[in-house]
Amino acid sequence: MHAALQQLRISLTLHYRNKMALIYSYLFPLIFLLAFYVLYRYERVVLARHMGELLTVSVLGGACFGLPTTMVSERERGVWRRYRLAPIATSMLVLSVIAARYLILVTAGLLQLAVALAMGMPMPQHPFDLWIVFTFVSFAFIGLGLVMAMMADNVPAVQALGQCIFLPMLIIGGIAVPIATLPDWAQHLSQFFPGRYAVQALQACILGPGLGNTGFELLALVIIGTGGTIAGAKMFRWDAQQRFARRSGKAWVSVALMSWVVVGILAESRGYTPAAARSSEERPAPTTAATAPPPQPSVPAPSSPSASTQERSAIPPVLTLSEAEKKAASGGTTGAPGTSNPRATAPKNKPAAEAAPSEKPSAEKPPANSVTLPHPTPPSWQAVTVADIDRDLVFDRLPSDSGIVTPIARDEEEPDPDTADHLRFIQENLPSWQPGKVADPVQRVRNMLYVAAVPDVQQQPIERFAAQAVFYQLQQDIPKDQLIKVLYWIALHPTDGDDKAVGDLWALRFTSDPVDLEQTRERAAIYGVKLLGRLLGKLPHGGS
Amino acid sequence: MHKVVVRDLEKRYDDVRAAQGVSFEIDDGEIFGLLGPNGSGKTTTLECVIGLRQPDAGHIEVCGMDARQHPKAVKEKIGAVLQTIALQDKITPREALELFASFYKRTAAASALLQRFALTEKADAPFDSLSAGQRQRLAVALAFVNNPELIFLDEPTSGLDPQSRRDLHGEIVQMKRDGHTVLLTTHNIDEAEQLCDRIAIIDGGRIIASGPPRDLIAASTSAQSVLLRTAQPLAIESLAGVPGIDDLIYENSTITFRTRTPAPTLSALMQVVSELDVEVLELHARKAKLEDVFLALTGEESQ
């Protein structure tokens, strides 16, 4: 034990004396953080929604590059060979290496979080849970790093091997590219990658319900970490002269690979849904508290188009409650003090498909999953009054029109030639687009808002101009008074009605790429509030 | 009492048989040298004994224990200096000693080792700032961190400057005085002759001779070397009548040769010099050294 602690102490001491190691361990994660922050146009909330990805990238980098590089370079130099002369067990050395790397990862993660918080990111909702999940994520990736260290014969081989793991994990592993935007085969493939579970579990602790819904993710990380650690320990090489290709025991690599396969098969067989998506059905989405601290818990947490699947959690519409109402709500149905989530009364443990009625347009009476506020709400959209709007909605904390979430072009803004052609086509065909002609005015407006929301989610170049065209067309088609009431109704009932119109967007020459429907509904609701603000004169016409 | 017993050691790397039935014993308190040219199998043999390599066959006993059955217990009792000293760039001598001390049950104080091996001033300097001699002293200090009964030194002086080499030789002699048993591998014949109580000459993975250096020399049939330098060059034809000259090298006014019959050969040579009335500036006759024995046995020029 004394030897392991001494080894741990020396490993950490030497790490902190190595400038390059410090750059890789601590500076790179901060550069990633700042880069994301700038890319998301300084949106603090968006940063919080991507913190799981950023932390995963930090762990992945530290485990796939930092750990094996250190181990292989020490082995190449003969340091381990010298250790082998001492009466110490392989397991002692492996454990101290794991412990040292874990502490380095934890401190790097803490630094990254601290800087993010200093930049204004909301405090993670479940810090203790986050630490636990971070430990699981570290274990999974350190196991992977151990396998790489045993497979690589020299440091250049570590870099090559690291890229082979790092890039696929970023692209189809659910870390850097939203899984919802991936082709179907890649979405299935991502279930075999630990990155997906790492992001999901971390994000569930940052903006989600915490550990409660991350059982499968943690199980997946443990399986992958255990497989890697066992394989790494079994293939342990003290001596650089023991080449991997010529060693017996290299079949242990298959144990590490099998752990990935087992996780993927489990996910496939169980019809895996991400933790955040599950949580949105089971309890109020906690984003409000994170994004709008009391006493104004009302900004919809915007999810960026590049967000991962954890952003499937519902974003509440723009609501405002008095302190008394909030207390009543928190003591009653919301279950999350200080939040005003319209999903507060969504039945627990209810699947997404059930929670969102698909065939029935909401018109006459509030459906089961509508907002429950601690004061009387209009029984139908026709009964909505200006007083209802003034009481329940706020307009001053919406995402910027020039941001990446629900952007809207300014009047004088000109699209590029390709976008202009597409926009012209939309403007010409939107008036006759069938989903925009359905009898139920609420569903009709909802369908039209999808025309703006889908390109926003998919981050298409036309997104900001499509919103402008939709706003124009809605005002052409529907009387202002009626439109105001319908938009309020949609804001309070973002998950009502159907979303079949999304499948008819091809008629407006939109791509048929898959889109996250829940996210689309969120964006539609936000666009609805933005238009409502303009109609009421609460938002400037050309942008906010 | 034997501190080390090696019997019929075999080690093969693919097609190369690095150790072929190597057998030797090392007595308590002696310095034993494994002498051989590069690639002869001496390092392989040493690394099998200290547990860095698994032999294919053979019996190894260290401090009365079967080294293959009880490697951990054996490692508690031995210290070793490998050919290359390998430590992290930024570790300090003090940290390295404390780290390695934590691996053993019985340890020496780091401060005492730093003092003994003249590293006190560099105790907190990073390893990459140490000179070659300081690094080697640190390597030896690390070998002593567990107060070992038996020290293994694998070519410990290679790459050292003369002063550092001399210092290390003094240290090795001190080890013997302190009661340690030492196994030393080297290809430096003078070093082996100077330091070792007994040596084993190893070549091609086999031990081809062993014993005290003096005994090996005495038993050798190697010729004596003769050097003659004269004021005027001798005509090579004039030496035709001198018997017993081998390996004659003629260079201006200096001739060198070997002879197995020094008395008649030198007598005849002096007669020729006298007849030609040539002034003798220098005349050396040197009996066989360990180097001659080694070269005769291995048939190689190792130095």
Side-chain angles (χ1 to χ4, degrees), chain A residues 1-22 25 66 69-97 99-100 154-155 236-243 245-249, chain B residues 13-14 43-44 46-47 49-54 65 67 70-92 94-107 110 124-129 135 138-139 142-143 145-146 148 150-152 154:
Chain A
M1 190 62 187
H2 175 54
L5 289 176
Q6 191 66 250
Q7 171 71 17
L8 173 63
R9 185 181 72 83
I10 292 292
S11 296
L12 291 174
T13 304
L14 295 180
H15 185 83
Y16 292 119
R17 283 185 193 151
N18 185 332
K19 285 177 190 163
M20 286 308 292
L22 289 178
S25 302
T69 299
T70 304
M71 293 181 83
V72 172
S73 66
E74 287 190 356
R75 188 175 62 214
E76 274 193 298
R77 293 172 65 102
V79 175
W80 289 9
R81 204 160 184 267
R82 184 62 188 81
Y83 287 161
R84 200 184 181 191
L85 286 175
I88 53 170
T90 306
S91 55
M92 189 284 285
L93 190 60
V94 172
L95 280 177
S96 64
V97 163
N154 47 47
V155 172
F236 195 85
R237 289 189 279 157
W238 294 91
D239 197 336
Q241 291 174 5
Q242 300 169 303
R243 315 302 280 183
R246 297 170 61 187
R247 280 209 84 201
S248 59
Chain B
Y13 305 113
D14 296 327
T43 295
T44 295
L46 179 141
E47 290 184 346
V49 175
I50 63 178
L52 277 185
R53 293 187 191 279
Q54 280 295 319
M65 293 176 286
H70 307 285
K72 202 171 170 183
V74 166
K75 285 174 181 176
E76 286 282 355
K77 291 183 176 294
I78 65 172
V81 178
L82 301 179
Q83 263 184 36
T84 52
I85 172 165
L87 288 172
Q88 296 92 337
D89 280 344
K90 299 300 175 191
I91 199 168
T92 67
R94 190 190 306 280
E95 289 168 341
L97 289 167
E98 288 172 352
L99 173 65
F100 279 82
S102 72
F103 298 157
Y104 296 90
K105 292 175 187 165
R106 192 181 60 166
T107 58
D124 299 309
F127 179 71
D128 61 2
S129 71
R135 290 180 184 200
L138 175 58
L142 288 172
V145 83
N146 57 329
L150 186 56
I151 310 284
F152 294 87
D154 191 5

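The sequence lines fix the lettering, A, B, ..., with proteins before strands; numbering per chain opens at 1. All heavy atoms count here, side chains included; hydrogens, waters and symmetry mates do not.
- Side-chain contact between B:Leu150 and B:Lys77 is absent, with no heavy atoms from C-beta onward closer than 4.5 Å.
- Using a 4.5 Å cut-off between heavy atoms, B:Phe152 makes no contact with chain A at all.
- Among A:Ala4, A:Ala3, A:Pro87, A:Ala86, the residue with the largest count of heavy-atom pairs under 4.5 Å with chain B is A:Pro87.
- Considering every non-hydrogen atom in both A:Leu8 and A:Ala99, the closest pair reads CD1-C, 3.7 Å.
- Distance alone, capped at 3.5 Å, is enough to place a donor-acceptor pair between the B:Glu76 side chain and the B:Lys105 backbone.
- When heavy atoms are compared at a cutoff of 4.5 Å, A:Gln7 approaches chain B by way of both its backbone and its side chain.
- For chain A, the nearby part of B:Glu47 is the side chain; its heavy atoms alone come within less than 4.5 Å.
- Within the 4.5 angstrom heavy-atom criterion, no atom of A:Ser73 approaches chain B.
- Looking at B:Ile85, there are no atoms closer than 4.5 Å to chain A (heavy atoms on both sides), in backbone or side chain.
- No donor-acceptor contact under 3.5 angstrom links the side chains of B:Thr107 and B:Asn146, judged on distance only.
- Residue A:Arg81 touches chain B through both its backbone and its side chain, counting heavy-atom pairs closer than 4.5 Å.
- Residue contact with chain A, scored on non-hydrogen atoms closer than 4.5 Å, involves the backbone and the side chain of B:Asp89 alike.
- Look at B:Glu95 and B:Lys90 and you find no salt bridge, because none of the NZ, NE, NH1 or NH2 atoms lies under 4.0 Å from a carboxylate O.
- Proximity to chain A (any heavy atom under 4.5 Å) is restricted, for B:Leu82, to the side chain, taken from C-beta onward.
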Open item on the list: Using the rule given for side-chain hydrogen bond (donor to acceptor under 3.5 Å, both in side chains), can you reason through B:Tyr13 versus B:Arg53, listing the C-alpha separation, both sets of side-chain angles and the distance that settles it, and then say yes or no?
Closed with: CA-CA 11 Å; B:Tyr13 305 113; B:Arg53 293 187 191 279; 3.2 Å; yes

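- Residue A:Leu85 touches chain B through both its backbone and its side chain, counting heavy-atom pairs closer than 4.5 Å.
- Proximity of a side-chain donor or acceptor of A:Ser25 to a complementary backbone N or O of A:Leu22 within less than 3.5 Å is not detected.
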